[in-house]
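Right, one structure below, let's go through it.
Hydrogens, waters and symmetry mates play no part in the numbers below; they use all other heavy atoms, side chains included. Each chain gets a letter, A, B and so on, in the order its sequence line appears, and its residues count up from 1.
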Amino acid sequence: MQSLNISSSALRGIQEALDTTANNLANLETVGYKRRSSSFSELLADTMNKQPAKDAQNRNTPAGLRLGSGVRLGLTRLDMAQGNMKQTDVPTDLMIEGDGFFLVSREIRDANGASLGEEFRFTRDGAFHLEESAYHGGFVLVNSSGYYLTNELGAPLLIPEEEVREFAVSPDGYVSVNGNDTYERVGVWKVDNPDQLQQVGNNLYDAGMDGNQNPADVYRLSWESGVAKLRQGALETSNVQLQTEMSQLINIQRAYQLNARAIAITDQMMGIANSIRS
Amino acid sequence: MIRGLYTSASGMFALQQRQEALANNLANINTPGFKQDVGVMRAFDEQLISRIRDQEGPDIKGMPSLPGQAPVIGRLNTGVYMSEAIPIFRQGDIAETGNRHDVALLDNLQPDEQGNERRLFFSVARLDDPTQPAQQDDIRYTRNGSWTVNADGYLVTADGYYVLDNQNMAIRVIGEEGDNLAQRLVINEAGELMYESADPDNPGLIALNNQRLGLAVVTNPLQLVREGTGIFRWEGNGQPVSLEEAEAEDQAALAAGEYDVPRIAGRYGTKQGWIERANVDPAQTVTDMMSVLRAYEANQRVLTTIDGTLEKAANEIGRVNG
């Protein structure tokens with residue numbers, strides 16, 4: 001029975017929408033998380049010709065019986081709306097107000113320690129901490145997954161000082177340490193169509209660059225168009241709204257129940273067909 | 001063989017297909033722009049039935065009696081089938097999503113002079129070369145306004161159809177300097193495409209290449225063929241006209257005094273950041289399913305009863321017992 005397949009396709013699609021909603025809810029408190037919204041899409045329709053001669057007359061629609069074959073989860077789109085501000089007063093916590101991403105990088109090496117290039121990721125998560133790095137020759141900003149925050153040239157943002165007593169970032173991204181300007185600027189990059197970014201987990205998006213590319217070849221700095229500002233001592237909370245997700249959850253659950261009911265009715269029909277000859 | 005056996009089997013088969021149509025409506029309860037199908041059942045052709053080996057009996061009133069032939073009892077049709085599934089194009093509820101690439105289509109177009117229903121649709125097409133206008137044969141119609149911007153900057157549906165503008169061109173949200181405007185796209189209530197200015201000295205909205213969503217007025221939308229994936233193909237006479245054309249016609253007729261109230265102008269709107277929900281009524285659909293189930297059961301009963309009759313014929317009539 002085709003109706004069994006139709007309803008089970010719906011259960012599958014709804015299950016996936018539930019997964020999306022569950023992930024949004026799970027990341028309710030994740031710094032810099034952007035929610036995804038799910039959108040359904042119909043499957044193809046079958047056309048059957050029943051009684052062609054008779055069907056040609058006295059109809060409302062063109063000849064043939066067209067029955068749809070179910071539904072699938074069509075799109076899960078990224079919602080780039082700004083999250084709320086959470087004041088932390090930690091000087092190395094940064095928040096982007098407006099349009100843009102931090103670019104973070106990690107060195108990839110082979111077994112002998114030779115560099116294979118860098119791995120670039122975008123993130124909205126601005127929770128960094130200072131780490132002294134002998135390799136870089138100073139202090140660098142590192143996020144929780146071990147990636148370095150980069151400057152506007154795509155290289156790790158470096159503070160070549162012996163010690164850091166005071167750390168300040170201006171709204172336009174310039175870093176000053178111990179009262180002196182370092183002339184290093186945090187790179188905030190504008191991504192025109194974030195839906196095309198690949199989400200790689202850990203609150204990171206693959207920037208789609210190979211190790212030797214300069215980010216300026218692919219993306220533009222948000223500073224150029226003035227669409228973003230940095231705020232020090234604050235973090236951006238996720239843009240998940242509990243009310244929206246909960247009403248979506250109710251909607252999904254009811255749709256699931258209705259389709260499970262449809263399966264039960266189809267099952268009963270198959271039972272009836274089976275008992276024609278008992 | 002007893003006719004009823006096949007009649008009730010055809011009933012069961014038709015009801016099974018009705019269940020499929022209902023299951024598909026229910027499956028698409030959250031699909032934007034989905035239009036529910038209503039199954040239409042139709043009886044098989046009627047045939048005359050006549051008495052056999054009985055020339056003597058009385059004629060039946062109103063029935064022809066031919067000399068030398070068995071008298072006719074009446075008409076009978078020996079089955080049922082589902083002949084068509086009619087989409088209901090009633091406006092669905094709209095729901096806010098906050099996504100820039102979602103557009104809900106609202107319409108309340110009045111019927112034309114012949115009383116034909118008129119509905120508004122988005123035009124979409126699959127194109128090999130999106131820089132060229134779509135051919136009329138390639139254009140499809142949809143109410144699903146849940147879109148996204150692909151890697152080349154074109155506005156596309158979830159199934160990869162290009163969304164067309166009023167010149168049947170694919171819509172590309174790339175500015176003159178090659179900057180991607182996907183996150184700045186604005187679609188106003190008339191379907192005109194614009195983008196937010198990024199220049200802080202000249203704020204405001206800038207028209208995107210003077211483009212407007214390609215909205216088509218489909219007269220008698222039942223002539224549309226459902227292709228699935230929310231897409232309809234026009235199979236009727238003529239072609240659906242663009243909204244501009246239909247609106248100009250409406251204005252002309254209004255100016256000529258053919259009627260007093262506009263039938264198209266001001267009776268439609270697009271709403272960005274919203275979607276049109278499916279117009280499926282879950283309570284009605286589940287109720288219909290239950291009645292399908294019971295009708296299916298009843299047909300099964302009839303079949304079993306006829307089977308009982310046949311059993312008697314096969315096993316009891318011929319039995320010689322003492």
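Heavy-atom neighbours of A:E224 CD from other residues, nucleotides or ligands within 6.0 Å: above the threshold of 12.
The backbone N or O of A:S275 sits less than 3.5 Å from a side-chain atom of B:Q300, completing a donor-acceptor pair. Checked by atom type and distance alone, the side chain of B:N24 pairs as donor or acceptor with a backbone atom of A:G70 at under 3.5 Å.
Checked for salt-bridge contact, B:R226 and A:E42 meet the test: a charged N lies under 4.0 Å from a carboxylate O. A salt bridge is defined here as a Lys NZ or Arg NE, NH1 or NH2 lying under 4.0 Å from an Asp or Glu carboxylate O, and B:D102 with A:R77 meets this definition.
Proximity to chain B among residues 246-258 of chain A is limited to A:N251, A:A255, A:L258, judged by heavy-atom separations below 4.5 angstrom. Listed in order of number, the residues of residues 283-291 of chain B that approach chain A to under 4.5 Å between heavy atoms are B:V286, B:M289, B:M290.
For A:A17, no part sits under 4.5 Å from any heavy atom of chain B, backbone or side chain. In this structure, the portion of A:S69 lying under 4.5 Å from any heavy atom of chain B is its backbone and not its side chain.
Inspection of the B:N144 and A:S41 side chains reveals no N or O donor paired with an N or O acceptor under 3.5 Å. If you check the side chains of A:T61 and B:E84, you find a donor sitting under 3.5 Å from an acceptor.
One finds the CG atom of B:L26 at 9.0 Å from the CD1 atom of A:I265 (value rounded to the nearest 0.5 Å).
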